[in-house]
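Shown next, in structure tokens, is the structure this report addresses.
Since the model is a prediction, treat every value here as computed from it, not as a measurement.
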Amino acid sequence: MIYLDHAATTPVRREAIEAMWPYLTGSFGNPSSRHELGEEAARALAWARSEVAAVIGCRPGEVVFTSGGTEADNLAIKGMSLARPRGRHLVISPIEHEAVLESAAYLVRHHGFTVTEVAVDRGGLVHPSALASAIRPDTSLVSVQLVNNEIGAIQPIAELAAVAHEAGALMHTDAVQAAGHLDLRLDGPGGAGSPGGLGVDALSLAGHKVGAPKGTGVLVARGRVALEPVLHGGGQERGRRSGTENVAGAVAFATALRLAESERADATAQAARQGLELRARILAGVEGAQLTGDADRRLPGTVSFVFPGTSGEAVLLELDRLGVTCSSGSACAAGSSDPSHVLTAVGIPADLALTAVRFTLGPTTTDEEIADAAAAVIRAVSAVRGIVGA
């Protein structure tokens, strides 16, 4: 099998499994318990929090462990908005992950918020001037993905955060797809507020995108940011996310994130080289193939196309038969018969959007697999076109 669906999930790192194993076995205590087993678990949780904070460049107390990226996005959008007295207006992009889109829709339905979707260009990018025009005096929060999960577009988040802050709004970014690929530090080398960092008030991450198990995630929220809890109960995570913490999962997440960060430079260089090779082979070998998303400002290991005259799902099935695992877009929308909201937002017609196929590379992807996958794509598209045109 040639696995080119790393944006959907990544293999769990052996180091993450080994790091979490003690907290699934002998050191199984509840970190809230006041005995040795509990305190041992609490120390492990504190270690994990510090490790994540070191990668993000924040204080350990600003790290909130969650059950994944979806919960982190929900806590950010709902929690920050409901805790802000400024107003009931949100600005998001139309190509956000469903966790952000549905959280915003919930606030509209149940709390009287209004939402403005700031336009993106054909490459999927939000321009700072467009964001400035979308923000109103009652805007409480702006949320824009750092990296889009379907087309790989990398947003100018630091510039967008500056626009939001100038207008008095908070800024959140869903950085789930950026972990292990981009620098996630909130501040530049000069410290708090210095240029060179993302400059956001909150950032969401998911463990299974960097080699941790599914069901692990983090919301980083600046200390000055008030959060209304989404989950109520015993007041864990400093009252921001109740529920007994998943100590083993937090340790695995921290271990995988630190490893991904340490390997980031080499992994990014490899993805850039292999992504360009895959792109060139497919564009040369498949008549009419069109790259989706910005050609340059994109995650190099995310390569997505539309193939006119095909069905994306049919191409996927044929590729699976040929031993290549990939997707037609977001795994969270798999099974839907509707065209991708991301592709239609960047101006691709609905019928053409239904022909989309996404390839996402990982650190274990080899050059030989790139060549074999490209050859399989050429065969698969030809076979599907033969059936569709019959």
Does one side chain, of [X] or [Y], offer a donor that lies under 3.5 Å from an acceptor on the other?
X      : Y      : value
Gln145 : Ser93  : no
Thr114 : Arg136 : yes
Ser242 : Glu237 : no
Glu40  : Ser27  : yes
Thr268 : His181 : no
Gln177 : Asn148 : no
Thr292 : Ser304 : yes
Ser103 : Asn74  : yes
Arg358 : Ser327 : yes
His165 : Asp201 : yes
Asp73  : Ser204 : yes
Glu71  : Ser67  : yes

In terms of ring plane angle, is the pair Phe305 and Phe307 parallel, tilted or perpendicular, where the classes change at 30° and 60°?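 The rings of Phe305 and Phe307 lie parallel, inter-plane angle below 30°.
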So, does [X] use its side chain to make a donor-acceptor pair with the main chain of [Y] at under 3.5 Å?
X      : Y      : value
Gln155 : Gly124 : yes
Arg264 : Gly180 : no
Arg122 : Ile348 : no
Lys78  : Leu107 : no
Arg241 : Ala72  : no
His6   : Gly362 : yes
Glu369 : Thr366 : yes
His35  : Gly38  : yes
Arg297 : Ala153 : no
His97  : Val176 : no

How far apart are the C-alpha atoms of Glu261 and Arg185, what are their side-chain angles, what is the distance that settles it, and do they pass the salt bridge (Lys or Arg N to Asp or Glu O under 4.0 Å) test? CA-CA 11 Å; Glu261 176 62 18; Arg185 288 177 297 178; over 6 Å; no
Min side-chain heavy-atom separation [X]-[Y] under 4.5 Å:
X      : Y      : value
Leu131 : Val142 : yes
Thr325 : Leu4   : no
Glu159 : Val163 : no
Val220 : Val64  : no
Val147 : Arg298 : no
Thr173 : Ile157 : yes
Phe113 : Ser140 : yes
Ser81  : His111 : no

Determine whether [X] and [Y] fall in the same hydrophobic cluster, where Ile, Leu, Val, Met, Phe, Trp and Tyr are linked whenever their side-chain heavy atoms lie under 4.5 Å apart.
X      : Y      : result
Val126 : Met171 : yes
Val200 : Leu205 : yes
Leu184 : Leu259 : no
Leu352 : Val346 : yes
Val12  : Leu361 : no

How many angstroms lie between atom [atom1] of [X] and atom [atom2] of [Y], to the nearest 0.5 angstrom?
X      : Y      : atom1 : atom2 : value
Ile135 : Leu90  : CD1   : CG    : 11.5 Å
Thr355 : Glu313 : OG1   : CD    : 11.5 Å
Thr360 : Leu278 : OG1   : CG    : 10.5 Å
Ile154 : Thr302 : CD1   : OG1   : 8.5 Å
Thr365 : Gln270 : OG1   : CD    : 7.0 Å
Leu37  : Phe28  : CG    : CZ    : 5.0 Å

Would one find more than 12 heavy atoms of other residues, nucleotides or ligands at under 6.0 Å from atom [atom1] of [X]?
X      : atom1 : answer
Arg59  : CZ    : no
Arg379 : CZ    : no
Glu166 : CD    : no
Glu287 : CD    : no
Arg109 : CZ    : yes

Indicate yes or no: does [X] engage [Y] in a salt bridge with an N to O separation below 4.0 Å.
X      : Y      : value
Asp187 : Arg222 : yes
Arg43  : Glu36  : yes
Glu277 : Arg273 : no

What are the two closest heavy atoms between [X] and [Y], and how far apart are they?
X      : Y      : result
Ser328 : Leu316 : N-CD1, 3.4 Å
Gly112 : Arg88  : O-CB, 4.1 Å
His172 : Ser143 : ND1-OG, 2.8 Å
Pro94  : Glu117 : CB-OE1, 3.4 Å
Ala104 : Ile77  : N-CG2, 4.0 Å
Phe253 : Ala212 : CA-CB, 3.8 Å

Apply salt bridge (Lys or Arg N to Asp or Glu O under 4.0 Å) to Arg240 and list each qualifying residue two or more places apart in sequence or on a separate chain.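 For Arg240, no residue satisfies salt bridge (Lys or Arg N to Asp or Glu O under 4.0 Å) once neighbours in sequence are set aside.
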Quick one: do Glu51 and Thr255 satisfy side chain to side chain donor-acceptor pair (under 3.5 Å)? Show the steps, please. CA-CA 8 Å; Glu51 290 290 290; Thr255 301; over 6 Å; no
Is there a side chain to side chain donor-acceptor pair (under 3.5 Å) between His89 and Thr116? Walk through the geometry before answering. CA-CA 8 Å; His89 178 244; Thr116 296; 2.7 Å; yes
